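Take a look at the structure below.
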Amino acid sequence: MIFILIFGIIFNIKYISNNYVVIPFKEYIEEYNEKDTKSSITKKILDNYLDYKIYTDIKIGTPSKKLPLFINSNIKIFRIKFEEKISNFDFEKYDKYIPYDSSSYINITDLLNIEEHYFFGFSLINETLKICKSKLCRDEIDIKNIQLFAQTKQNLLNYSYSYGEFGIPLSKSTNEQSNLLINLKNLGIINSNIITIEYNENKEGYIYFGEYPHIYDTKTYNKDLLMTAYAIPYFGINNQIKLKMDKIYISDKNTNSNVYLENNILLLNYGLGIILSTEEYFNQIIEIFFNKYIKLNICKINKEKRNINNIYHVISCQKRQEFKIKEFPSLYLFNEQFNFIFELNYIDLFEEIGDEYYFLIIYFPFSGAGFELGKPFLKKYQLSYNIDMSTIHFYKKNNKNNKEIKEDKGKKIIYLLYLIIIFVFLIVIFYKKVYHTKRKLRRNELNEDFDFNIPINDEI
């Protein structure tokens, strides 16, 4: 009975801790080269980071076909497409998915006669996906009956699909049809609608669905260091998280004072590779830091026109000894609910390309009232977002906290050793009790088998 109970506890712990999925991602950008001019580099920065592309690999259908799956912050659905509109991407290393060649394909639009989907050029289908349950993808699983949209023409699905797209929904009101995260929750693959984006390198990382980091990675994250803030409801077209900061300021080393900014609203956008600035901050940082270098022709404000009226202001500075990049004043963002001051310094906010530094905070006059934080912030500060609760979560990490984590791990190890000792002690007692009972029973059986009526021969 004891063994059955212990086995059940271990099994349940393993089952609960595995109710999440991991999606490894890579960044896809057009590389810079020596032939690029300053103007072409500015254009590439905007092309790469305004329409920031991160992607993973999926296996779809039976037999499975491997396709690239791009994460698109402008949509909230999961879909596959046959039009290869992503320039310079290597599609040759991937397969082509043809629905009619898959035994697990079901056309829901035809089955339920939902003709309006065809009107928008897509058909709702059911398929089987293979998804990883760990970083190294050693335990890949099949997930049946995932709903997604397939691009169509003339109500036909006899196309070769080359890639997919999905959006990470950051709203509870999202339609459940063809929503990857909600599909995983409804099928019991994940525990809850929790999202964490983790950069492990500059151009790579992981997206976790279903659990908080301290559940699936107890070695790195401590539950006691988890801070929580409430997001502001956001009803924009893009998938973004809106957060109010209590103070946003620049530390001006020239005057030894802080310059506080009036606008304290942030938008967190995982589909953005830069930071879009407020006019207030952009003017202040030029006055405090860049102006003296602009007068020396070391820095320049490059104005790049996109579409008709969209003009982006990108600052670039020459890599010269006179340019003191380390003196750049950090941008500080304080949130009282987190009880934490986020800092973005020159390491976070400049990208070195050729013989120039490019400032990753870009001003766009029509970008809105607040900052829009993309990769430079999300790479440095790993956040989790609970869609159902509309809460943002952040783990505090510093030397003191690391010490606390180590001490907590030590306590857990000691506690585990105690459990093992108690477990072994119970087994020994259990074994001795059973062994003693058997010996006593054996002695009684021997006594009962002895025939006292047998005459005793006293003769030698």
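Hydrogens, waters and symmetry mates are skipped; everything else that's a heavy atom, side chains included, is used. Just so it is clear, the structure is predicted and the values come from calculations on it, not from any experiment.
Around atom NZ of Lys247, no more than 12 heavy atoms belonging to other residues, nucleotides or ligands sit under 6.0 Å away.
At distances below 3.5 Å, not a single donor-acceptor pair connects side-chain atoms of Asn302 with backbone N or O atoms of Ser39. Judged purely by atom type and a 3.5 angstrom limit, Ser104 has no side-chain atom pairing as donor or acceptor with the backbone of Glu127. Asp246 places a side-chain N or O within donor-acceptor distance of the main-chain N or O of Glu336, the cut-off being under 3.5 Å. Checked by atom type and distance alone, the side chain of Tyr161 pairs as donor or acceptor with a backbone atom of Gln151 at under 3.5 Å. With hydrogens and angles ignored, the 3.5 Å screen pairs a side-chain donor or acceptor of Lys44 with a backbone N or O of Glu31. In terms of modelled atom types and a separation under 3.5 Å, the side chain of Gln337 and the main chain of Tyr230 share a donor-acceptor contact. For the pair Lys396 (side chain) and Asn339 (backbone), a donor-acceptor distance under 3.5 Å is present. Not a single donor-acceptor pair under 3.5 Å links the side chain of Glu304 to the backbone N or O of Val314. Of the possible polar contacts, one joining the Asp95 side chain to the Lys66 backbone as a donor-acceptor pair under 3.5 Å is found.
In this structure, Tyr381 and Phe340 have perpendicular ring planes: the angle between them is above 60°, well past the 30° mark. Classified by interplanar angle (parallel below 30°, tilted 30° to 60°, perpendicular above 60°), the ring pair Tyr216/Tyr208 is parallel. Phe89 and Phe70 have perpendicular rings, their planes meeting at more than 60° on a 0 to 90° scale where under 30° would count as parallel. Ring orientation note: the planes of Tyr163 and Phe91 are tilted relative to one another, at an angle of 30° to 60°. In this structure, Tyr221 and Tyr395 have tilted ring planes: the angle between them lies in the 30° to 60° band. Taking the six-membered ring where tryptophan is involved, the planes of Phe328 and Phe350 are perpendicular, since the angle between them exceeds 60° and thus also 30°. In this pair, Phe364 and Tyr312 present their aromatic rings parallel. The plane angle is below 30°, not in the 30 to 60° band.
Under a 4.0 Å N-O distance rule, the pair Asp51/Lys53 qualifies as a salt bridge. For Glu198 and Lys135, the salt-bridge test passes: some basic side-chain N is under 4.0 Å from an acidic carboxylate O.
At a cut-off of 3.5 Å, with distance as the only test, no side-chain donor of Glu327 or Tyr346 sits close to an acceptor on the other residue. Under 3.5 Å, the side chains of Asn183 and Gln147 contain no donor-acceptor pair of N or O atoms. Between the side chains of Glu343 and Ser330, a donor-acceptor pair is found at a separation under 3.5 Å. In the model, Ser192 has no side-chain atom that pairs as donor or acceptor with a side-chain atom of Asn386 under 3.5 Å.
Considering every non-hydrogen atom in both Ile392 and Leu243, the closest pair reads CD1-CD1, 3.9 Å.
Side-chain contact between Asp47 and Arg306: present, with at least one pair of heavy atoms (C-beta onward) separated by less than 4.5 Å. No side-chain heavy atom of Ile189 sits less than 4.5 Å from a side-chain heavy atom of Ile131. A 4.5 Å side-chain heavy-atom check between Phe289 and Ile250 finds every atom pair outside the cut-off.
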